[in-house]
Amino acid sequence: MSRCDKNLEKDVDSSPTPTTNSSSKNGDKGDVVINARAVCRVCKCLYREPKIMQCLHTFCADCVRQLEPFSVSSGVHNGKAVPLEGEQPSSAVTVLCPECDSEVDIPLSGVDGLTTDHLALDEVFLETLMSKNSVVCDLCSDGDAEKRCEVCSVNLCEFCIQAHRRQKRTSSHTVQCLEDLKTQGRLSRPVLCSLHPGQELRLFCEPCDLPVCLECAATFHRDHRCLPTRDVIDRHGGRIRDLVTGRLRPRLDQLEESLRKVDLSQEALQARVDEAVDEVRTFARGYASAVESHCLLLLRRLEELGLQRRNHLHLQRAQLQQALKDTRGGVEFAERLLTCGSDAEILSAKDVTLRRLAGLMETGYNPHPATITPYDGSSICFLPRESAGVVAGYPMVGVIHAKTLELSRCTIEGEGVQRGREGQRGEFTLVCRDSAGKQMGRGGEAVLVSMVHKEKKDCRVEAAVVDNSDGSYSVSYTPMEPGFYSVWVCVKTQHVKGSPFVLNVKRQVRWHRGTFHCCSFCSSGGSKEARCGCTGTMPGGFQGCGHGHKGHPGKPHWSCCGSTVEASECLPQSVITAVGGTITAVGGTGSPRGHLRTVEL
């Protein structure tokens with residue numbers, strides 16, 4: 001290591017940890033922030049042996065050594081993330097950059113194999129000069145440097161300045177005061193050879209693609225083409241410049257423009273979200289106010305219904321009390337007359353007694369308990385999902401249902417309550433209505449359906465009742481026996497209007513199994529054994545029917561039963577059998593031996 005590098009490292013090691021100098025007590029000096037380019041982003045101190053990672057981020061060599069390995073191809077060397085100086089690595093190590101999380105491969109030679117960041121060393125030197133106001137002379141290392149040679153890039157004390165000027169090789173070099181250099185904000189140091197201390201890297205070996213010093217060129221690179229760095233810097237630096245100016249700068253502009261658009265989009269998005277938040281809150285306040293108004297309307301409706309029903313019950317109670325009083329008085333008088341009165345007394349009072357008793361019986365008031373308003377309050381209920389229209393521009397749900405079931409108004413809809421078919425599913429619908437004939441609009445009623453065969457008392461049909469929750473109830477059944485059934489439809493153990501109904505279940509449809517033809521003679525191709533369900537015959541030994549002969553219906557007919565209607569049901573007396581995979585039809589007058597094949601047209 002050169003004397004200049006040693007002095008610089010000495011200055012860096014002794015430099016204070018970068019901090020922010022607080023303002024003085026009197027507040028006459030503002031905060032002074034240290035140069036960020038001279039500080040490692042890991043240890044937060046001035047760079048010591050700054051190394052450039054493959055992602056072009058710089059960290060101290062020791063900071064890189066302390067990074068945990070991201071991946072190791074064949075194991076970690078001695079339990080450390082990165083091999084220490086002097087150790088030979090046994091595997092390739094990859095670490096994550098602390099700045100950008102990029103994967104960085106450490107050379108097999110270790111951290112020392114990474115490129116040194118000389119620009120960071122310049123920043124450290126400048127920061128040291130600015131913070132300490134003095135640096136050690138690079139030549140003698142004894143006195144404080146006062147000036148700097150712009151050609152040699154070394155710091156010189158007053159004695160070394162005189163010696164620098166007396167040498168013929170350096171007498172023409174320009175020397176500048178360090179105090180003047182502080183104002184420039186940029187200092188450069190010579191890049192010295194790591195193998196030959198004091199030798200600056202002034203040559204570039206093209207075969208090895210490395211900067212070298214004069215001694216390296218004369219020894220290690222003797223047969224190589226080595227050119228001065230000033231002769232090749234345009235070519236190699238131009239490659240970097242072309243990538244930067246030709247591709248990366250436009251890409252940088254595009255990225256900045258894209259980032260600007262993303263920022264604008266984020267701002268627009270946030271503005272729209274804030275606007276939507278205000279809209280939601282305004283809507284919520286309005287909706288809450290509308291819901292509150294609707295709630296008050298519902299409560300007022302409940303209060304009115306309660307008052308109305310209480311008045312109605314009070315009237316019913318008064319009517320029942322009066323009817324009870326009148327009936328009790330008539331009964332007591334009649335019983336006393338029959339018990340205590342003589343024959344003459346009974347006969348003399350019979351007319352007035354009978355008129356009174358008949359009047360009590362003929363009163364239009366029905367005292368049956370089923371006609372009284374339910375005491376459990378089931379006639380009033382709240383339907384939370386029922387549409388309630390619009391309140392203050394907002395759709396509302398939830399209504400008060402106050403309809404009372406009227407059994408005499410309930411209706412049965414559908415043919416399934418009168419006609420059915422054996423083995424087939426039948427359906428009908430019970431619609432519960434109020435006293436005004438309107439559908440109840442809610443379910444929950446106790447509906448009972450019973451179906452009993454009129455002739456076979458032990459034959460019953462199970463009926464399934466489905467509550468549609470709108471006042472209607474779907475009833476389905478499947479009868480297995482034909483005949484007449486008595487159907488009871490009850491709500492709250494009371495028959496609805498028309499119950500019990502009479503259900504006529506017809507037998508299962510008998511489909512034709514024969515052929516709809518004109519005659520057996522034509523259909524069978526003149527076969528004498530061919531017969532037909534119409535029982536027609538022909539002379540000459542033919543067993544089947546023929547045109548114009550005895551028994552022929554005079555029109556096309558079914559060979560299985562003789563029916564002349566094509567779209568009809570097969571007659572009950574037909575007997576259908578299967579012989580050898582073909583259909584054979586025999587009329588009611590035929591014998592089993594007459595089961596002959598009927599040929600289709």
Side-chain angles (χ1 to χ4, degrees), residues 407 410-432 447-468 472-491 494-517 531-536 545 551 553-579 582-592 594-595 598 600:
L407 293 175
C410 296
T411 59
I412 301 294
E413 300 175 357
E415 296 182 355
V417 74
Q418 296 178 348
R419 291 182 293 274
R421 181 69 70 173
E422 175 189 0
Q424 295 183 7
R425 177 187 174 95
E427 295 180 350
F428 64 88
T429 303
L430 166 66
V431 180
C432 294
V447 178
L448 174 64
V449 178
S450 176
M451 306 178 69
V452 181
H453 200 286
K454 283 195 170 187
E455 297 179 357
K456 302 177 181 179
K457 298 302 181 182
D458 58 342
C459 179
R460 295 176 177 271
V461 177
E462 295 292 335
V465 181
V466 177
D467 188 347
N468 299 323
S472 66
Y473 299 82
S474 299
V475 182
S476 60
Y477 60 92
T478 304
M480 303 309 295
E481 292 286 341
F484 292 94
Y485 288 79
S486 178
V487 181
W488 290 24
V489 180
C490 301
V491 178
Q494 298 294 320
H495 286 277
V496 299
K497 184 179 180 180
S499 177
F501 302 91
V502 177
L503 172 64
N504 182 14
V505 177
K506 296 184 178 181
R507 60 180 174 80
Q508 194 172 11
V509 178
R510 299 176 185 267
W511 303 107
H512 291 285
R513 298 296 183 93
T515 304
F516 193 70
H517 62 168
R531 302 189 61 179
C532 182
C534 69
T535 68
C545 63
K555 59 183 69 175
H557 53 278
W558 286 100
S559 66
C560 51
C561 63
S563 173
T564 58
V565 180
E566 185 174 4
S568 64
E569 185 178 358
C570 192
L571 296 180
Q573 64 268 25
S574 300
V575 179
I576 311 301
T577 58
V579 179
T582 61
I583 300 299
T584 305
V586 179
T589 60
S591 63
H595 290 184
T598 298
E600 295 185 1

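By convention here, the first residue in the shown sequence is residue 1.
Rounding to the nearest 0.5 angstrom, the gap separating the CZ atom in Phe428 from the CZ atom in Arg419 is 14.0 Å. Considering OG1 of Thr411 and NZ of Lys497, their distance stands at 9.5 Å, rounded to 0.5 Å. Between atom CH2 of residue Trp511 and atom SG of residue Cys560 there is a gap of 12.5 Å, rounded to the nearest 0.5 Å. We find the NZ-CD distance between Lys555 and Glu566 to be 13.0 Å, quoted to the nearest 0.5 Å. Summarising the geometry, atom SG belonging to Cys561 is positioned 12.5 Å from atom CZ belonging to Arg513; distances are rounded to the nearest 0.5 Å.
When only modelled atom types and interatomic distance are considered, Ser563 and His512 share no side-chain donor-acceptor pair under 3.5 Å. Side chains of Ser472 and Thr429: a donor-acceptor N/O pair is absent below 3.5 angstrom, by distance only.
Counting all heavy atoms, side chain and backbone alike, Tyr477 lies closest to Glu427 at CE2-N, 4.1 Å. The minimum heavy-atom distance between Asn468 and Ser474, with the atom names listed, is ND2-OG, 3.1 Å. Residues Leu503 and Gly420 share a closest heavy-atom pair of CD1-N, 3.9 Å. Shown here for Pro479 and Tyr485, the closest heavy-atom pair between the two residues is CB-OH, 4.4 Å. The two residues Cys432 and Tyr473 make their nearest non-hydrogen contact at SG-CE1, 3.6 Å. Minimum interatomic distance between Trp558 and Val565 (heavy atoms only, all atoms of both residues): NE1-O, 3.0 Å.
Here the side chains of Arg531 and Cys545 are not in contact, with every heavy-atom distance at 4.5 Å or above. Considering only heavy atoms from C-beta on, Trp488 stays 4.5 Å or farther from Leu448 through its side chain. With a 4.5 Å cut-off on side-chain heavy atoms, Val487 and Val502 do not count as touching. Taking the side chain as every heavy atom from C-beta outward, Val489 and Ile412 approach each other to under 4.5 Å. Taking the side chain as every heavy atom from C-beta outward, Val466 and Val475 never approach each other to under 4.5 Å.
Between the side chain of Arg425 and the backbone N or O of Ser476, no donor-acceptor pair lies under 3.5 Å.
For the side-chain hydrogen bond (donor to acceptor under 3.5 Å, both in side chains) condition, the pairs that include at least one residue of residues 450-460, sequence neighbours left out, are Lys456-Glu481.
Heavy-atom neighbours of Glu462 CD from other residues, nucleotides or ligands within 6.0 Å: at or below the threshold of 12.
The pair Lys506-Glu569 does not count as a salt bridge, with every side-chain nitrogen at least 4.0 angstrom from each carboxylate oxygen.
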message: side chain to side chain contact (heavy atoms under 4.5 Å, CB included) for Thr478 and Val461? Distances and angles first, verdict last.
response: CA-CA 7 Å; Thr478 304; Val461 177; 5.9 Å; no

